[in-house]
Amino acid sequence: FFGRYGKMALLILLLIGFYRVSDIVLGVISNVFYADMGFSKGQIATVTKVFGIWMTILGGFVGGFLTIQYGVLRVLTLGAVMTVITNLLFIPLANNPGNVALLSVVIGADNITAGLAAAAFIAYLSSLVNISFTAMQYAMFSSMMTLFPKLLGGYSGSIVDSLGYESFFFISSMMGLPVLALIWAVDRYVKEVRA
């Protein structure tokens with residue numbers, strides 16, 4: 001991998017390590033948040049697990065289609081922008097506890113975004129692996145994708161306790177902005193290398 005991409009490999013690894021940071025950091029605290037907002041376990045299960053799964057699948061199909069039509073990096077950018085926006089949608093939810101309709105809208109938007117971004121990101125990771133080391137490289141990339149976000153996500157509860165949910169959602173949303181700069185840099189400076 002480093003032989004193929006040289007110094008630019010570090011830029012690619014930064015993108016891999018931080019692409020889903022905003023989404024994963026928020027996800028760590030989400031179930032606690034839903035309970036704190038007064039939603040019952042049944043409501044949480046129905047909206048996040050049943051409805052949410054279908055929205056993720058829909059987002060995956062949309063992401064796959066758009067990736068074929070417009071290219072991986074454009075859809076990665078779209079996914080990063082949508083993640084920033086959908087994380088901000090949790091702020092009105094924090095100000096309207098128990099509103100199931102609003103919960104459904106937020107979960108729908110968040111999960112469609114997650115599915116779209118995941119489809120484009122999987123396509124991107126697949127394009128990076130060398131055909132001789134496909135399984136090993138893909139496993140390492142996908143592990144790296146969650147390593148830094150999970151480490152940061154471990155502080156989610158402390159941030160909520162110190163600043164409250166609204167500030168936490170704003171911070172988690174803003175964590176997605178550097179990702180846009182990384183995508184731009186990869187698009188500009190990294191030449192496509194064939195395995």
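Note that the numbering runs from 1 along the sequence shown for the chain.
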Kindly indicate whether the side chain of Met175, heavy atoms from C-beta on, has any atom under 4.5 Å from the side chain of Val84. no
Thr67 and Ala123: which non-hydrogen atoms are nearest, and at how many Å? CG2-CB, 4.1 Å
Asp110 side chain near Asp23 side chain, heavy-atom distance below 4.5 Å: yes
Here the gap from Asp187 atom CG to Leu182 atom CG, rounded to the nearest 0.5 Å, amounts to 12.5 Å
Hey, could you give me the CE/CG distance between Met144 and Leu15, rounded to the nearest 0.5 Å? 11.5 Å
Please determine whether residues Ile29 and Leu103 belong to a single hydrophobic cluster, defined as Ile, Leu, Val, Met, Phe, Trp and Tyr linked transitively by side-chain heavy-atom distances below 4.5 Å. yes
Check whether any side-chain heavy atom of Phe148 lies under 4.5 Å from a side-chain heavy atom of Val21, and answer yes or no. no
The test is side chain to side chain contact (heavy atoms under 4.5 Å, CB included); show your working for Phe51 and Thr46 and say whether it passes. CA-CA 6 Å; Phe51 175 69; Thr46 301; 5.9 Å; no
Calculate, to the nearest 0.5 Å, the distance between atoms CG and OG belonging to Leu73 and Ser127 respectively. 8.0 Å
Drop me the distance from Tyr34's OH to Ser40's OG, to the nearest 0.5 angstrom. 13.5 Å
Determine whether Arg20 and Thr146 make a side-chain contact, defined as any pair of heavy atoms from C-beta on separated by less than 4.5 Å. no
Consider only side-chain heavy atoms of I, L, V, M, F, W and Y, link residues closer than 4.5 Å, and tell whether Phe18 and Val72 are in one cluster. yes
Check whether any side-chain N or O of Asn96 sits under 3.5 Å from a backbone N or O of Leu102 as a donor-acceptor pair, and report yes or no. no
To the nearest 0.5 angstrom, please state how far the OG atom of Ser156 sits from the CD1 atom of Ile171. 10.0 Å
Can you list the residues that meet the side-chain contact (heavy atoms from CB on, under 4.5 Å) rule with Ala109, with sequence neighbours excluded? Thr86, Leu89
Going only through I, L, V, M, F, W and Y residues with side-chain contacts under 4.5 Å, is there a path from Leu88 to Val105? no
Hey, are the side chains of Ile112 and Val62 touching, using non-hydrogen atoms and a 4.5 Å cut-off? no
After noting the C-alpha distance and the side-chain angles of Leu13 and Phe141, does the key distance pass the side chain to side chain contact (heavy atoms under 4.5 Å, CB included) rule? CA-CA 8 Å; Leu13 292 176; Phe141 291 154; 4.0 Å; yes
Would a distance-only check, ignoring hydrogens and angles, find a side-chain to backbone donor-acceptor pair under 3.5 Å from Ser172 to Ser22? no
Can you tell me how far the CD1 atom of Ile183 sits from the CG atom of Leu11, to the nearest 0.5 Å? 11.0 Å
Do the non-hydrogen side-chain atoms of Leu14 and Leu10 ever get within less than 4.5 Å of each other? no
Could you report the tightest heavy-atom contact between Gly63 and Ala119, atom names first, then the distance? C-CB, 4.0 Å
Looking at every heavy atom in both Ala117 and Gly79, which two are closest together, and how far apart are they? CB-CA, 4.1 Å
Heavy-atom neighbours of Phe170 CZ exceed 12 at 6.0 Å: no
Side chain to side chain, Ile16 and Leu128, heavy atoms closer than 4.5 Å: yes
Identify whether Phe65 and Leu58 are in the same connected component of the hydrophobic contact network (ILVMFWY, side-chain heavy atoms under 4.5 Å). yes
Please tell me if the side chains of Thr48 and Phe39 come closer than 4.5 Å, counting only heavy atoms from C-beta onward. no
Check: Tyr19 ring centre within less than 6.0 Å of Tyr124 ring centre: no
Is it possible for you to say whether Leu26 and Ile91 belong to one hydrophobic cluster, with membership spreading through side-chain heavy-atom contacts below 4.5 Å? yes
My understanding is that only residues two or more places apart in sequence, or in another chain, count here; which of them pass side chain to side chain donor-acceptor pair (under 3.5 Å) with Tyr165? Asp36
Hey, would you say the Phe169 and Phe33 ring centroids sit under 6.0 Å apart? yes
